[in-house]
Amino acid sequence: MSTENCQPILANRMMLGECPVWHSQESALYWIDIDGCAVHRFHPQTETHRQWATPSEPGCIAIHGDGGLLVALRSGLALLNTQSGQLTHITDAPYDPATTRFNDGRCDAAGRLWVGTIYEPRDRPDAALFCVEHDVLRDSGKRATVSNGVAFSPDNRTLYHSDTTSHQVRAYAFDLATATLGAERIVKQFSTDRNHQYGGRPDGATVDRDGAYWCAMYEGGRLLRLSPDGEILREVMLPVRCPTMMAFGDDDLRTLYITTVSNKRSAEELAQHPLSGCVLRLRVDVPGLPEHIYRP
């Protein structure tokens, strides 16, 4: 299958690009470089780029209702003032930062941040999915080894979540009013056999206006557009092997911005895929949904 015509927005390579977020009020894309310990911003219309260093790895970001960004760092939650660059600590991390850090997350329509963790030894499912409401963290009780793929259906009745290590995308019945998770179902189980039918494992995700779940397949070199029941509606082949997450952006929300990885990839892979680590963009037919804002 041919590779889609993706273009990098910058020549800069991220070490571990993640969590792209489209800020509609600023007409700007934000994202993070986890291993590079930085938050980035790009204005497509002016092609201006800015970045802010962080004291530990950022796992995800969200647009903050009081301005700036909520940043989930290994050390805890913080508020980044994108005007001054000041980073203000909000609360400590609810885990041992020697083995665990925050990872993928996204806000729901009520303004809560749902953020997972990654358990770095990866020998058991000791990662969790947390709900952050009014700057207070609550453990949802859902476990994984590498929490990823948080997204919400357009009707706010489903929370999607993946465990990258088990190659599984899950869905929970979701009550927006009470922030509770109900019945669980498996949306898609991908092969865990690296030698047979391996097409990557599910990483970050987003949902489009029609309710399809877009999933970045890490080490699969592709994005998948899945129906709510797990049917593959579209496969997008990429010029990189390790996409990590996508966000819909631009005024019509029909541009997919895709973060990728260069760190810890082989020299052979980087030579074969020179755009590894770049943020890519791709035009699509079905628009996405506006990003929800964190309400403190």
Are the aromatic ring centres of Trp114 and Phe174 under 6.0 angstrom apart? yes
Kindly state each residue pair satisfying side-chain hydrogen bond (donor to acceptor under 3.5 Å, both in side chains) with at least one member in residues 12-22, sequence neighbours excluded. none
Would you say the rings of His49 and Phe42 are close, in the sense that their centroids are separated by under 6.0 Å? no
Side chains of Ser153 and Asp155: donor-acceptor distance under 3.5 Å anywhere? yes
Salt bridge or not for Glu219 and Arg265, using N-O below 4.0 Å? yes
Under a 4.5 Å cut-off applied to non-hydrogen side-chain atoms, are Glu235 and Leu224 in contact? yes
Using modelled atom types only, decide if a donor and an acceptor are shared between the side chain of Ser140 and the backbone of Leu129 within a distance under 3.5 Å. yes
Does any donor atom in the side chain of Tyr30 or Arg41 lie under 3.5 Å from an acceptor atom in the other side chain? yes
Under a 3.5 Å distance rule, please check whether Tyr119 uses its side chain to pair with a backbone N or O of Ser147 as donor and acceptor. no
Is it true that Glu57 and Arg101 make a salt bridge, defined as a side-chain N closer than 4.0 Å to a carboxylate O? no
Short N-O contact, Arg283 and Asp252, less than 4.0 angstrom: yes
One thing to verify: whether Arg281 and Asp250 come together as a salt bridge, which I'm taking to mean a side-chain N less than 4.0 angstrom from a carboxylate O. no
Aromatic ring pairing Trp31/His40, orientation class (parallel under 30°, perpendicular over 60°, tilted between): parallel
